[in-house]
Amino acid sequence: MRSPSVSIRNLRVLATTTGGAHVLLEDVNLSLAQEHFTAIIGPSGCGKSTLLRALAGIVLPSSGEIELFGYPLAEYRKTFPLALAYLPQFSESHDELTVREVLQYAIKLQLPSSVDAATRDKWLGYLMELAGLKELQDQRYKTLSGGQRRRVALAETMVADPPVLLVDELTSGLDPHAEASMMEWLEFLAHRSGKTILLVTHSIKNLDRTDSVIFMRNGKVLFHGNHRSLLEQFQLKSIEELYEKEDLASHQAVSSEANTKQASEGGTGDGEHSRDIIRTAGPASMPSQFLVLVERHFILFCRDRAQMILHAILIFTFPALVAVFALDGLPQVRNLSLALDSNVLRSLQEQLLYLKDSVSSATLTSGLIMFQVILLTLAGANNGSREIAKELSILGKEQRCGLSTVAYVSSKFVFVTLLALLQAFWMTWFVKTICKFPGDFGTQLAILFLTTLAMG
């Protein structure tokens with residue numbers, strides 16, 4: 001007999017607050033069969049998402065045990081880093097990428113080089129067909145509807161073909177047709193693609209698509225079993241009544257696993273052979289991820305017209321602002337002979353003019369240097385904020401899918417470095433050429449480049 005895919009024993013999760021410890025989950029015990037689709041329902045704040053995050057290893061339990069396919073959760077995640085997928089309620093991708101590119105880059109970042117190009121292409125086609133995305137493959141992500149974006153997000157989690165899918169509020173906000181279609185797809189993935197799926201949802205429609213329902217209240221599991229048995233157990237006419245009754249918390253957790261369906265069908269179509277290969281694959285190597293990320297950075301940069309215009313303005317107008325203060329070049333210091341002049345008054349006059357020009361030149365030179373540093377500092381700050389702040393949610397998603405932090409940081413550093421070098425070079429050349437700025441070109445370039453990079 002096969003071991004359960006998910007086994008939870010005496011799980012307890014506490015949240016520490018200023019007022020003391022607050023119980024999020026209390027004495028949770030669950031066992032899910034393999035190839036099983038279950039929905040977790042209950043009122044807001046009952047612990048549904050916390051349970052899912054605990055299964056994903058994001059929330060650490062205060063006590064209790066979680067096992068996946070007989071492995072303790074920590075050991076399972078370490079041994080099979082891509083065999084557990086967590087999809088939060090809000091998942092983002094890069095707006096300027098097409099649907100096909102989003103999935104292509106997910107494949108490149110997750111699958112190792114041992115998976116050949118033909119297999120990757122075959123798997124990509126299978127995922128797009130499975131998710132109903134073929135007609136949208138050349139459409140940019142930013143133009144997709146909410147339901148289409150969720151299909152893309154779920155397809156991304158399928159890249160490494162994980163046997164366990166944890167999905168939070170995938171159907172929230174969808175129209176009735178889209179919701180029914182999504183539930184049908186999840187049922188298909190469980191029964192025909194051999195997955196164990198836990199879906200947190202507030203919707204109580206289409207529960208007949210599930211193998212079982214988990215009902216929670218106040219951090220406790222009050223029921224786990226067939227959704228029809230749920231009504232019989234609490235003597236209700238409709239599931240809506242579950243959210244109205246306050247005395248349900250006194251019930252003990254009830255399991256009705258005898259009514260749970262056991263799906264045994266195998267995979268389907270052309271995707272089956274690819275799935276057998278990919279299922280054992282680990283994350284792509286750090287150097288491979290680094291090269292993919294650098295490529296993606298440049299594609300995204302070139303497609304973002306607003307950012308391209310902003311950087312063009314910074315690159316071309318900042319040196320022009322510097323030049324405004326020295327349109328005629330820096331004042332030239334008089335070629336004063338130090339020989340004694342018979343005319344003492346003339347000699348004194350020449351020395352005073354020499355001193356005046358020297359002070360004027362030094363003051364303007366220092367001012368221009370400081371002005372360049374300030375402007376490039378602003379440009380560098382824009383580089384860094386643009387590259388990191390906008391991608392925090394995407395970074396978290398990709399790290400859960402095996403992305404190397406070293407690869408990500410290194411790729412950003414290379415991209416920002418090249419951008420800083422371009423900005424510093426243009427500033428140095430422009431000011432030196434237009435303003436006749438004195439000094440060594442290489443030294444000035446190095447100083448301005450390091451200044452820009454430091455702020456990036």
Side-chain angles (χ1 to χ4, degrees), residues 4-17 21-32 38-42 44-69 71-93 106 109-110 150 153-154 156-172 186 195-202 214 216 218-221 282-283 388 391-409:
S5 57
V6 177
S7 180
I8 302 175
R9 293 185 291 273
N10 304 318
L11 181 65
R12 192 168 192 253
V13 175
L14 299 177
T16 304
T17 63
H22 176 64
V23 178
L24 300 180
L25 295 176
E26 181 69 49
D27 196 29
V28 175
N29 291 275
L30 288 171
S31 181
L32 299 180
T38 189
I40 307 174
I41 65 173
S44 298
C46 69
K48 301 187 300 294
S49 294
T50 301
L51 176 59
L52 214 63
R53 290 165 63 84
L55 284 168
I58 299 173
V59 172
L60 297 179
S62 304
S63 61
E65 298 176 351
I66 300 176
E67 291 185 353
L68 300 181
F69 297 97
Y71 291 85
L73 178 59
E75 183 181 348
Y76 180 85
R77 294 180 64 207
K78 182 177 180 180
T79 307
F80 311 107
L82 297 184
L84 174 65
Y86 168 70
L87 183 59
Q89 181 176 358
F90 302 104
S91 180
E92 293 294 330
S93 291
L109 290 174
Q110 294 184 41
R150 286 181 178 136
L154 191 53
E156 277 191 273
T157 66
M158 288 282 293
V159 163
D161 198 29
V164 179
L165 285 177
L166 309 174
V167 187
D168 196 353
E169 292 288 356
L170 185 66
T171 60
S172 176
L186 292 174
K195 303 197 177 302
T196 299
I197 301 176
L198 288 88
L199 168 69
V200 167
T201 181
H202 279 102
I214 297 170
M216 298 184 65
N218 299 327
K220 296 182 179 182
V221 173
I388 300 298
E391 290 190 348
L392 288 178
S393 61
I394 299 175
L395 174 60
K397 175 188 70 175
E398 293 182 336
Q399 283 180 322
R400 290 191 295 270
C401 295
L403 178 66
S404 165
T405 303
V406 174
Y408 181 83
V409 174

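Basis for what follows: all heavy atoms, side chains included, without hydrogens, waters or symmetry-related copies. Position 1 is the first residue of the sequence, and the numbers go up from there.
Among Leu14, Thr16, Leu25, Val23, the single residue meeting the side-chain contact (heavy atoms from CB on, under 4.5 Å) criterion with Ser62 is Leu14. Checking Leu32, Leu165, Leu30, Leu51 one by one against Leu198, the side-chain contact (heavy atoms from CB on, under 4.5 Å) holds for a single residue, Leu32.
Between Arg150 and Leu170 the shortest heavy-atom distance is CD-O, 2.8 Å. Taking all atoms of both residues into account, the shortest heavy-atom contact from Ala54 to Ile66 is O-CD1, 3.6 Å. Nearest approach of Ser49 to Asp168, heavy atoms of both residues: OG-OD2, 2.9 Å. Glu92 and Ser393 get closest at one heavy-atom pair: CB-OG, 3.8 Å. Closest approach of Leu24 to Ala15, counting heavy atoms only: CD1-CB, 3.7 Å. Scanning both residues, Val6 and Thr196, for their nearest heavy atoms gives CG2-CG2, 4.2 Å.
For the pair Thr157 and Pro162, the minimum side-chain heavy-atom distance is 4.5 Å or more. Side-chain contact between Leu55 and Ile8: present, with at least one pair of heavy atoms (C-beta onward) separated by less than 4.5 Å. Side-chain contact between Pro88 and Arg53: absent, with no pair of heavy atoms (C-beta onward) separated by less than 4.5 Å.
Between the side chain of Asn29 and the backbone N or O of Asn10, at least one donor-acceptor pair lies under 3.5 Å. Between the side chain of Tyr76 and the backbone N or O of Ala83 there is at least one donor-acceptor pair closer than 3.5 Å.
In summary, Glu169 and Lys48 do not engage in a salt bridge, as defined by a charged side-chain N under 4.0 Å from a carboxylate O.
Sorted by first and then second residue, the pairs that involve residues 395-406 and meet salt bridge (Lys or Arg N to Asp or Glu O under 4.0 Å), not counting sequence neighbours, are Glu156-Lys397, Arg296-Glu398.
The distance from atom OG1 of Thr79 to atom CG of Leu68, rounded to the nearest 0.5 Å, is 11.0 Å. Rounded to the nearest 0.5 Å, atoms CG (Leu199) and CD1 (Ile40) are 8.0 Å apart.
Within the 6.0 Å centre-distance limit, the rings of Tyr71 and Phe80 are counted as a close aromatic pair.
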Step by step, work out the side-chain contact (heavy atoms from CB on, under 4.5 Å) result for Asp27 and Lys220. CA-CA 7 Å; Asp27 196 29; Lys220 296 182 179 182; over 6 Å; no
